[in-house]
Amino acid sequence: MVNLIAKSPLWGQAPLVSAGVTLAEVDLGQVTSIAPFDMAVPGFPAPNTVVADGAARLVWTGRGQAFLIGGPVGDWAEVAAVTDQSDGWAGLSLLGAGAVDVLARLVPVDLRRLAVGDCARTQLGHMAVIVIAVAGGFELLVFRSMAQTAWHELATVIKMRGARLAC
Amino acid sequence: MRIEGKGRVDRLAPVRFRFDGVEYRGFEGDTLASALLANGVRLVGRSFKYHRPRGVMTAGSEEPNALVEVIDGRQQTPNVRATVQEIYEGLEAKSQNRWPSLKYDVLAVNDLASRFLTAGFYYKTFMWPRKFWERIYEPLIRRAAGLGSLSGRHDEAEYEKAFAFCDLLVIGAGPAGLMAALQAARAGADVILADEAAQMGGRLLADSAEIDGKPAQDWVAEVLAELEAAPNVRLMRRTTVTGAYDGGTFGALERVGLHLAARPDLPRECFWRIVAGQAVLAAGAQERMIAFEGNDRPGIMTASSLRTYLNQYGVAAGKRVTIFANNDDARQTARDLMAAGVTVVAIIDARPDASVAEDCPVYTGAEVIGTTGRHGLTGITFRYHGGEVQLATDCLGVSGGWNPLVHLTCHMNGRPQWDGALAAFVPQAGAVPGLHVAGAAAGVFSLGHCLAHGAEVAAAALAVLGHKVAPIAVPQADEAGYDIMPVWEVKGSRRAWLDFANDVTTKDVRQAAQEGFASVEHMKRYTTQGMAPDQGKNSNIGALAVLADATGRGIAQTGVTTYRPPFSPVSIAAIGAGGRAEGFAPQRFMTSHSASVERGAPMIEAGLWYRPSYFPRPGEVTWRQACDREVAMVRSAVGVCDVSTLGKIDIQGRDAARFLDLVYTNVFSTLPIGRVRYGLMLRADGHVLDDGTTARLAENHYVMTTTTAAAGLVMRHLEFVAQAYCAGWEVRFISVTEQWAQFAVAGPMAKTLIDTLTQADLPFMGCALVQLGDVTARLFRISFSGEQGYEIAVPARYGEALFRDLLARAETLGGGPYGMEALNVLRIEKGFITHSEIHGRITAFDIGMAKMISAKKDCIGKGAALRPGLLEGREQLVGLRPVNDAMISAGAHLFAPGAEVKRENDQGYVTSVCYSPTLGGYLGLAFLQDGRARHGEMVRLVDHLRGIDLLCEVSDPVFYDKEGGLLRG
Amino acid sequence: MRITCPLCGPRDRREFYYYGSEDYLTQPALGDFDAIDAHLHLRDNLAGEVRDLWYHEMGCAAWLLVTRNTVTHKISDVVQVAGGGVGILAKMKPEEGAL
Amino acid sequence: MRYSGLKVITQGLFGNKGWGPVWRDPAPKGEYDAIIIGGGGHGLSTAYYLAKNHGLTNIAVLEKGYIGSGNVGRNTTIVRANYFLPGNSEFYSHSLKLWEGLEAELNYNVMHSQRGLINLFHSDGQRDAFVRRGNAMINQGDDAILLDREGVRQHLPYLDFEQTRFPIYGGLLHPRGGTARHDAVAWGYARGADQRGVDLIQNCEVTGIDIEGGRVVGVQTTRGSIRARKVGMVVAGRSGQVAAMAGMRLPIESHVLQAFVTEGLKPCIDHVVSFGMGHFYISQSDKGGLVFGGDIDFYASYASRGNLPMVEHVMEAGMTLMPMIGRAKVLRSWGGIMDMTPDGSPIIDKTPVDGLFIDAGWNYGGFKAVPASGWCMAHLMATGESHAVARRFRLDRFKTGHLLDEEGTGSQHNLH
């Protein structure tokens with residue numbers, strides 16, 4: 001009999017609180033890629049937006065693709081290619097007054113345009129990222145294997161920001 | 001010398017610093033240059049070529065002479081402009097390009113030989129004897145050249161990069177820039193105002209002007225207070241906009257920590273990528289010198305910099321100052337100095353009709369023709385009314401006029417235009433889309449007009465963005481014009497410097513013209529004019545005026561060389577921030593990483609991933625011992641290997657099968673559900689792109705695997721084929737590489753191990769979903785080792801647990817983990833290819849897989865693969881075994897036995913080699929001319945680099961279990 | 001340089017992968033070596049406005065046809081490649097064609 | 001005038017008044033035996049060897065700007081012969097031999113300096129590929145030495161051997177590789193060609209190629225029409241435009257390659273160092289500037305300027321490999337326009353038009369090829385036959401599949 005213990009991508013990593021921001025790993029729950037065969041299907045989020053559905057969110061993640069985060073797949077399986085992505089991504093939350101400032105060090109998009117309810121598929125340093133604007137900051141999804149690098153890059157920026165503020 | 005009551009430095013905050021080992025005192029707010037001048041230090045550097053004594057010449061980033069090394073701990077920063085470097089407690093700087101000391105520099109001997117060291121002399125000599133160039137001449141030249149030194153140690157300081165976005169970027173916070181920012185701020189636009197100085201205000205801080213009847217500095221303070229308070233404005237001090245790039249992108253360098261003693265975690269610099277809807281260039285103008293004999297002595301400075309040192313730093317750069325100018329502006333310097341009690345010996349004005357109404361002697365129609373003073377100016381000679389007059393003076397302020405700082409407008413190949421009335425180049429309109437030029441940078445030279453122009457240009461820029469702009473009130477200030485009579489050089493028989501930093505004189509320019517280097521670019525390249533750290537900011541215009549004179553052309557016709565980014569030099573560390581150590585590319589870790597590290601496995605980089613090389617056991621000294629054991633373990637029992645790095649792509653839809661038929665050479669539409677097939681994929685040009693196995697999980701659901709190296713490439717290729725060629729097809733795919741942790745279980749005991757986990761009786765090349773407790777896993781019966789093999793995949797969160805579990809089970813069966821080294825041996829023994837073989841120049845025919853190109857269908861790359869050059873006379877994949885089981889090496893070349901070893905006889909090369917513990921000897925895979933027809937023949941293998949030269953027997957590439965009985969077993 | 005992705009909006013050039021000219025969209029027929037040469041190799045290579053293929057690799061994964069001036073880098077149009085329905089392969093059934 | 005140290009001294013003693021023009025500035029004649037379009041390194045060396053090796057002196061080089069205004073005056077000055085595919089090996093080997101006698105040949109100091117080139121590798125697979133290359137170089141008669149990690153450390157102690165991202169496994173040392181002063185190469189060939197009677201005509205842009213009955217008869221220029229029975233197009237960077245005048249479509253896409261130079265520094269880097277993993281290479285000029293670069297900007301361009309992502313990539317790679325250069329300040333960046341071919345190798349061949357020849361497609365490796373390119377193009381134009389070491393640089397090789405793809409990246413112009 002096998003008893004497999006689950007580990008999150010940044011298992012054991014304590015949150016980092018510094019310089020007006022809090023960086024922490026978040027458990028995204030069930031994450032399912034929804035890729036409708038007909039891209040004009042109703043209920044599919046517009047590019048760069050998040051459609052909230054109760055506790056679940058449907059986050060646009062690319063051309064004809066959205067991630068259903070925290071909810072059951074339901075009827076999507078009938079009209080879309082449905083793929084489990086729950087283990088493929090690491091979730092990070094970056095919250096606090098300095099969150100925009102920190103993210104602007106690493107992400108080449110205009111964060112002024114990213115209000116709560118918006119999302120962007122872009123890059124964080126040299127890795128792919130999904131940025132979701134949430135109240136008080138951002139949620140960031142990076143590939144699981146790169147979670148340590150993402151953490152390291154964000155932590156480095158936060159550290160330098162702290163030193164700047166201390167000047 | 002400090003002047004009481006002048007300047008903005010904090011007299012209550014003394015700062016101690018050292019220059020060339022001597023301690024000095026300055027004040028907070030001083031630059032190194034102002035503090036040295038205040039201490040009476042005039043000699044600060046040596047020139048590039050002739051090692052002439054040099055002093056501070058300017059008060060800005062264009063400084064050509066006062067370049068120093070700043071020391072911090074074990075690090076040092078070369079070529080720091082003393083005119084920009086702010087002092088801080090404990091700052092340590094030293095002069096450079098001199099030996100043994102600044103005052104007594106041995107290479108000053110070059111100056112004596114200067115008549116032989118003129119423009120381009122080195123192209124004409126040092127050619128004989130030939131060997132001497134590299135052994136004698138060049139090393140001497142290299143040692144003499146250069147300026148400052150790097151420490152030679154890794155720069156481990158922090159640097160930062162950042163992105164910023166705004167509606168309007170205003171470059172320069174002088175009068176025009178402040179008005180532009182104010183206009184935009186009040187219009188509600190998002191504004192970034194960037195200025196290279198520590199304090200904003202530009203020349204308003206350095207001049208004694210009035211705005212609205214008040215001192216200009218009060219006006220600056222009011223405007224800054226308003227801008228600071230505005231939520232839509234971002235002030236970026238100490239930030240130089242260095243380049244204009246496409247799409248409204250600007251590069252900018254912020255000096256974050258350079259004005260402070262090093263602090264932990266504080267970045268030294270931050271390189272900004274600023275994206276602006278529109279931009280206003282209000283960079284101002286720079287004063288230029290005049291070329292006359294001996295114009296490079298310490299104490300000879302631009303006239304405006306004397307004013308800056310006086311008004312901004314409270315420093316008189318000399319006790320007895322003379323002014324030499326061809327325009328009105330320099331008069332203000334004389335007036336300010338006199339008002340501060342500094343003796344102005346004379347004003348020498350080249351204009352015959354200039355005003356003489358100053359409280360000091362004014363000589364009009366006069367020209368300076370010589371200077372004296374070895375380490376600092378002691379006197380000048382000037383020509384006046386046909387006679388020569390000598391004056392004792394320790395400081396000469398020179399003004400040849402002002403050059404608008406048009407540089408950024410040229411970064412997209414814009415060409416500045418000559419304005420004869422201003423005797424200056426002004427920006428070409430529209431040269432950089434979205435960049436508007438305001439104030440002195442646009443050739444607007446009165447304060448009153450600059451203020452108005454700044455607001456006006458900002459309003460125009462905002463209108464482009466669709467902002468409704470209410471014009472703001474323009475404050476009152478002097479609107480007097482700028483009268484100039486061009487004077488570029490005072491001709492004489494001795495050297496007159498143009499490019500101080502590169503030691504280029506008017507003679508060099510004339511000689512270049514004489515030798516036919518008459519194009520401005522030729523002159524630049526032949527003389528090195530403008531190629532020094534100041535990039536000719538101080539000298540290019542003067543030099544081309546001299547060239548124009550020498551060639552008889554006008555200045556406009558002569559043209560300028562191209563200004564290119566950066567506007568002022570930027571450290572590699574700043575633009576390369578984040579690159580040091582691990583930062584250059586993301587690190588990718590498998591779920592088994594820590595478990596492998598715990599077992600002492602050296603982790604090696606493989607396509608951004610880290611994979612275990614081997615798992616050493618006690619007593620094993622070399623990697624080979626571990627590798628041989630791991631191979632034997634797989635061949636005799638069972639081995640476990642993390643193969644999660646292979647690309648995995650989930651493909652779904654009614655047209656998924658059809659899509660795979662298009663991208664693979666072979667057919668996948670006929671693959672039964674629950675089965676796996678090996679596939680070969682070609683590039684559009686017919687060469688092998690990648691290979692891997694693809695499983696059919698359901699009628700319309702496949703999961704494809706790619707090699708680790710090609711995972712991203714294949715994904716991009718699939719997207720292209722789907723989006724470009726398969727319009728309307730119902731097929732969707734997504735990478736699931738990261739979703740699944742996948743482990744190979746291989747060896748005669750593999751099935752035994754799998755049976756302890758789950759019930760699944762899979763045929764060879766079968767696949768199924770299985771339950772591991774609560775976890776649904778995917779089980780594939782495939783093999784890359786030639787043994788009976790499985791790959792089992794679980795959601796990645798369980799990866800580490802499953803890996804540990806599999807190892808425990810394997811160990812009870814006499815097995816264990818194996819790493820990349822053993823994996824490589826296993827696959828070579830079996831003749832399986834990797835990207836060592838399919839290296840991008842290889843066709844399906846080369847690797848003996850022609851049969852995998854289905855005759856029944858077309859596929860991507862098939863047409864191109866049939867080009868004659870890809871079919872005939874090529875090298876084919878073979879196996880090699882050396883006679884005597886001696887060592888062979890990958891990268892060796894193959895020859896017919898007895899043939900001379902030279903390119904013309906080259907018949908192939910070895911791609912992969914291993915020692916096979918299974919077969920007891922070295923094995924190689926190679927590409928050999930006509931190789932498939934030569935099995936059983938001998939070839940000569942030569943590796944010059946490793947000294948290997950021996951005979952090998954050519955064979956089929958499959959060495960182990962040719963019939964595949966074990967695999968299917 | 002910035003490219004306005006029809007889906008993601010204006011983005012930095014660093015997010016995009018460049019493939020090459022729109023010639024790659026025209027799929028040559030088997031055996032037509034001139035067409036293959038034109039598809040893979042020969043280029044108008046204009047100093048002026050061109051239509052090139054870019055891939056929003058770090059963004060939405062859309063392949064884009066970008067109209068851009070190679071002298072000024074001005075980008076005047078960006079559309080998705082998908083939906084164009086270009087190339088003979090789109091119309092071909094899997095079993096068609098022979099070696 | 002023959003140059004020498006003695007001449008420099010005697011001229012210096014007499015005020016440097018005696019230096020005459022290095023080349024004449026002739027007006028174009030109405031007809032020449034042959035015309036070379038393009039006064040860059042390759043065009044000038046072609047003219048030089050046509051005159052010197054083949055006795056053809058009634059020829060003109062037509063240059064739309066100034067002599068050497070193309071990539072010969074805008075590159076990172078590296079000279080090497082480290083190719084491994086037959087076709088390239090013999091050509092670059094020949095070129096390097098010509099370099100080694102160039103000062104004496106031209107009586108002009110082009111400052112060719114064989115400082116040694118080290119290509120670093122970072123995995124076993126890369127090592128094997130470099131060993132294959134090194135052995136090919138030796139089989140060709142050139143030189144190569146395999147360095148292990150310690151060997152690299154001895155030569156380049158300043159590299160970051162602790163960084164684990166791309167650990168340094170070793171390097172392939174090419175002792176005869178090095179650098180030269182790029183402008184001097186153009187000027188030296190120009191002077192040599194001029195001395196042999198070649199007309200170097202600057203500010204003369206070719207606006208049309210005259211073809212009658214399938215044969216070239218002359219060119220139209222901004223300085224009038226000029227007749228010639230043989231015309232060579234040697235205009236890498238603009239090959240597409242010029243060939244279009246003859247109705248040709250080339251297997252070439254133009255791309256911009258950036259390069260960078262720092263402020264002058266005392267000697268700190270002796271070799272040419274290449275970091276393939278990061279697409280970064282560097283050397284130090286005699287003046288003290290670090291000269292370095294990376295990959296092309298990857299998109300077709302004639303804009304002679306690059307963009308920031310590649311700038312950043314190059315500097316980041318530099319900081320990964322040798323963080324000791326962090327405090328060197330970049331003084332200037334520039335972008336040159338490259339003829340990129342689908343296999344990364346050049347073309348020296350006849351065209352379908354009789355009498356019209358092409359020398360193009362140098363990708364970003366044209367500088368080191370200057371001597372052999374001119375040598376072989378001159379041979380082709382004079383004899384009508386390809387030179388033995390340039391036999392494989394055929395215009396039709398893409399169509400036939402006889403590719404010379406050193407990178408192994410396939411038919412995508414920007415990947416070479």
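Residue numbers start from 1 in every chain, and the chains themselves are labelled A, B, ... in the order their sequence lines are given, proteins ahead of strands. Side chains are part of it too, since the values below use all heavy atoms of this structure and drop only hydrogens, waters and symmetry mates.
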Check this for me, if you would: do [X] and [Y] make a salt bridge, where the nitrogen-to-carboxylate-oxygen distance has to be below 4.0 angstrom?
X: B:Asp246; Y: D:Arg305; answer: yes
X: D:Asp183; Y: D:Arg181; answer: yes
X: D:Glu312; Y: B:Arg273; answer: yes
X: D:Asp405; Y: B:Arg841; answer: no
X: D:Arg127; Y: D:Asp124; answer: yes
X: B:Arg81; Y: D:Glu263; answer: yes

Residue part contacting chain D, namely of [X], when any heavy atom lies under 4.5 Å:
X: B:Ala518; answer: neither
X: B:Glu134; answer: side chain
X: B:Asp906; answer: side chain
X: B:His839; answer: both
X: B:Gln587; answer: both
X: B:Leu608; answer: both
X: B:Thr911; answer: backbone
X: B:Ser151; answer: neither
X: B:Glu69; answer: neither
X: B:Arg683; answer: side chain
X: B:His835; answer: neither
X: B:Val942; answer: backbone
X: B:Ser836; answer: neither
X: B:Lys49; answer: neither

Taking the six-membered ring for Trp, are [X] and [Y] closer than 6.0 Å centroid to centroid?
X: D:Trp187; Y: B:Tyr123; result: yes
X: B:Tyr909; Y: B:Phe927; result: yes
X: B:Phe584; Y: D:His313; result: yes
X: B:His522; Y: D:Tyr66; result: yes

Engaged part of [X] at the chain B interface, taking heavy atoms whose separation is under 4.5 Å:
X: D:Met111; answer: both
X: D:Phe260; answer: neither
X: D:Leu265; answer: both
X: D:Asn107; answer: both
X: D:Glu407; answer: backbone
X: D:Ile269; answer: backbone
X: D:Leu159; answer: backbone
X: D:Thr409; answer: backbone
X: D:Leu172; answer: side chain

Item to check | From CA spacing to verdict: side-chain hydrogen bond (donor to acceptor under 3.5 Å, both in side chains), D:Ser69, D:Glu63 | outcome: CA-CA 9 Å; D:Ser69 53; D:Glu63 167 54 50; 3.1 Å; yes
Which of the residues [options] is involved in the greatest number of heavy-atom pairs with chain B at under 4.5 angstrom?
options: D:Cys268, D:Gly5, D:Gly335, D:Gly410; answer: D:Gly410
options: D:Lys17, D:His112, D:Arg115, D:Glu100; answer: D:Arg115
options: D:Gly73, D:Pro167, D:Pro157, D:Gly65; answer: D:Gly73
options: D:Val110, D:Asp128, D:Asp270, D:Asn139; answer: D:Asn139
options: D:Ser333, D:Ser411, D:Gly288; answer: D:Ser333
options: D:Met322, D:Gln140, D:Glu90; answer: D:Glu90

Next on the checklist: Does any part of the side chain of B:Ile604, heavy atoms only, come nearer than 4.5 Å to the side chain of B:Ser613, both counted from C-beta?
Outcome noted: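 Yes, at least one pair of side-chain atoms sits under 4.5 Å.
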Between [options], which residue shows the highest count of heavy-atom pairs closer than 4.5 Å to chain D?
options: B:His687, B:Lys161, B:His411, B:Glu156; result: B:Lys161
options: B:Gly251, B:Gly686, B:Ala585, B:Gly152; result: B:Ala585
options: B:Trp128, B:Trp133, B:Phe121; result: B:Trp133
options: B:Ala144, B:Gly148, B:Gly516; result: B:Gly148
options: B:Ile141, B:Asp943, B:Leu870; result: B:Asp943
options: B:Glu269, B:Gln535, B:Gln76, B:Arg153; result: B:Gln535

Checklist entry - Would you say B:Arg130 has more than 12 foreign heavy atoms packed within less than 6.0 Å of its CZ? => result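 Counting neighbours around CZ of B:Arg130, 12 or fewer heavy atoms of other residues, nucleotides or ligands fall under 6.0 Å, so no.
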Next on the checklist: Just checking B:Arg143: does its CZ atom have more than 12 heavy atoms from other residues, nucleotides or ligands closer to it than 6.0 angstrom?
Outcome noted: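 No, not enclosed.
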Next on the checklist: By the definition ring pair (Phe, Tyr, Trp, His ring centres under 6.0 Å), identify the one residue from D:Phe275, D:Phe161, D:Tyr169 that meets it with D:His122.
Outcome noted: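 Exactly one pass, corresponding to D:Phe275.
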Interatomic distance, [X] atom [atom1] to [Y] atom [atom2] [nearest 0.5 angstrom]:
X: B:Asn79; Y: D:Arg327; atom1: CG; atom2: CZ; result: 13.0 Å
X: D:Ile325; Y: D:Phe280; atom1: CD1; atom2: CZ; result: 4.0 Å
X: B:Asn413; Y: D:Ser304; atom1: CG; atom2: OG; result: 5.5 Å

Checklist entry - Has D:Lys7 got its NZ or CZ under 6.0 Å from the middle of the six-membered ring of D:Trp19, at an angle within 45 degrees of the ring axis? => result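 Not satisfied by the 6.0 Å and 45° rule.
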Checklist entry - What class does the angle between the rings of B:Tyr137 and B:Phe126 fall in, given that below 30° is parallel, 30 to 60° is tilted and above 60° is perpendicular? => result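 Answer is tilted, since the angle falls between 30° and 60°.
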